[in-house]
Engineer: 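Take this structure, written in structure tokens, and hold onto it; I'll ask about it next.
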Amino acid sequence: KQAQGVFETKEGRRTRMMQKSQTLNAIEYVNPVQAVTNVNDCLRERKIDFQELKDQFKRELKVEFPQASEERLQAMAQRLLNEKLLADEKIARFPVQYESFRPNLSLTTQDRRYK
């Protein structure tokens, strides 16, 4: 009897899961394989776009660290490129502190909630 009850609950759940969902927007749905492909394409384009800058970083690092291996130079150039891109995005997203009219409350208030 217990096995029959478990089977019925699992069968009910299976049939419920196999039904088409009315809330799913079929036009805008992107399946997981396509989503991963889109992300990989964006990363590939970004790598190709910034390849010259990375090569320039690598040449400068080769002068600065002549004994470093190729893998280490590659890693340092990649880190510098990522830091530069993050800094550029931060500047684009957030205004410069002295250009805004709101004071920085974290410097003047005693209350920890404003920090």
Side-chain angles (χ1 to χ4, degrees):
K1 291 186 175 190
Q2 187 180 9
Q4 183 68 25
V6 170
F7 173 76
E8 288 174 3
T9 57
K10 290 195 175 197
E11 187 67 19
R13 182 178 186 276
R14 187 187 67 80
T15 55
R16 220 178 39 243
M17 292 295 196
M18 292 301 287
Q19 291 175 355
K20 295 278 185 186
S21 173
Q22 289 82 21
T23 59
L24 180 66
N25 189 353
I27 297 169
E28 295 180 6
Y29 176 75
V30 179
N31 65 352
V33 174
Q34 188 63 38
V36 170
T37 305
N38 292 343
V39 169
N40 287 340
D41 289 344
C42 290
L43 287 174
R44 185 179 303 113
E45 288 175 13
R46 188 174 131 193
K47 279 186 177 181
I48 291 170
D49 289 343
F50 294 108
Q51 186 64 38
E52 317 73 58
L53 188 59
K54 189 174 167 187
D55 290 339
Q56 180 183 348
F57 282 151
K58 215 156 103 175
R59 283 193 300 273
E60 293 172 4
L61 287 168
K62 183 74 172 166
V63 171
E64 193 173 341
F65 301 104
Q67 76 282 0
S69 67
E70 182 66 26
E71 289 86 8
R72 185 165 181 170
L73 290 173
Q74 189 86 11
M76 288 191 289
Q78 185 66 44
R79 184 181 55 81
L80 286 173
L81 179 64
N82 286 340
E83 286 177 0
K84 181 202 175 305
L85 292 176
L86 282 175
D88 291 348
E89 186 175 338
K90 181 180 176 185
I91 289 171
R93 188 173 291 193
F94 300 111
V96 181
Q97 183 66 35
Y98 57 82
E99 289 180 357
S100 68
F101 295 109
R102 291 184 63 193
N104 189 356
L105 293 178
S106 65
L107 298 176
T108 57
T109 55
Q110 295 292 323
D111 195 354
R112 300 287 296 173
R113 286 178 291 179
Y114 287 110
K115 288 197 176 188

Engineer: Would you say the side-chain atoms of Glu52 and Gln56 include a donor-acceptor pair closer than 3.5 Å?
Structural biologist: no
Engineer: Atom CG of Leu86 and atom CD1 of Ile91: how far apart are they, to the nearest 0.5 Å?
Structural biologist: 11.0 Å
Engineer: To the nearest 0.5 Å, tell me how far Gln74 CD sits from Arg79 CZ.
Structural biologist: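 Between atom CD of Gln74 and atom CZ of Arg79 there are 13.5 Å.
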Engineer: May I ask you to test the Leu80-Glu60 pair for a side-chain heavy-atom distance under 4.5 Å?
Structural biologist: no
Engineer: Measuring from Asn38:CG to Leu43:CG, what's the distance to the nearest 0.5 Å?
Structural biologist: 11.0 Å
Engineer: Measuring only between side-chain heavy atoms, which start at C-beta, is Met76 closer than 4.5 Å to Phe65?
Structural biologist: yes
Engineer: What do you reckon, is CD of Gln2 surrounded by more than 12 foreign heavy atoms closer than 6.0 Å?
Structural biologist: no
Engineer: Does a side-chain heavy-atom distance below 4.5 Å link Arg44 with Asp41?
Structural biologist: yes
Engineer: Supply the atom-to-atom distance Asp88 CG to Lys84 NZ, rounded to the nearest 0.5 angstrom.
Structural biologist: 3.5 Å
Engineer: Just so I know, are the side chains of Lys47 and Lys54 near enough to count as touching, which here means a heavy-atom distance under 4.5 Å?
Structural biologist: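 No, side chains not in contact.
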Engineer: What is the minimum heavy-atom distance between Phe50 and Leu85, and which atoms define it?
Structural biologist: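 Answer, listing the atom of Phe50 first, then Leu85: CZ-CD2, 3.5 Å.
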Engineer: Sort out for me which residue in Arg59, Gln51, Lys58 forms a side chain to side chain donor-acceptor pair (under 3.5 Å) with Asp55.
Structural biologist: Gln51
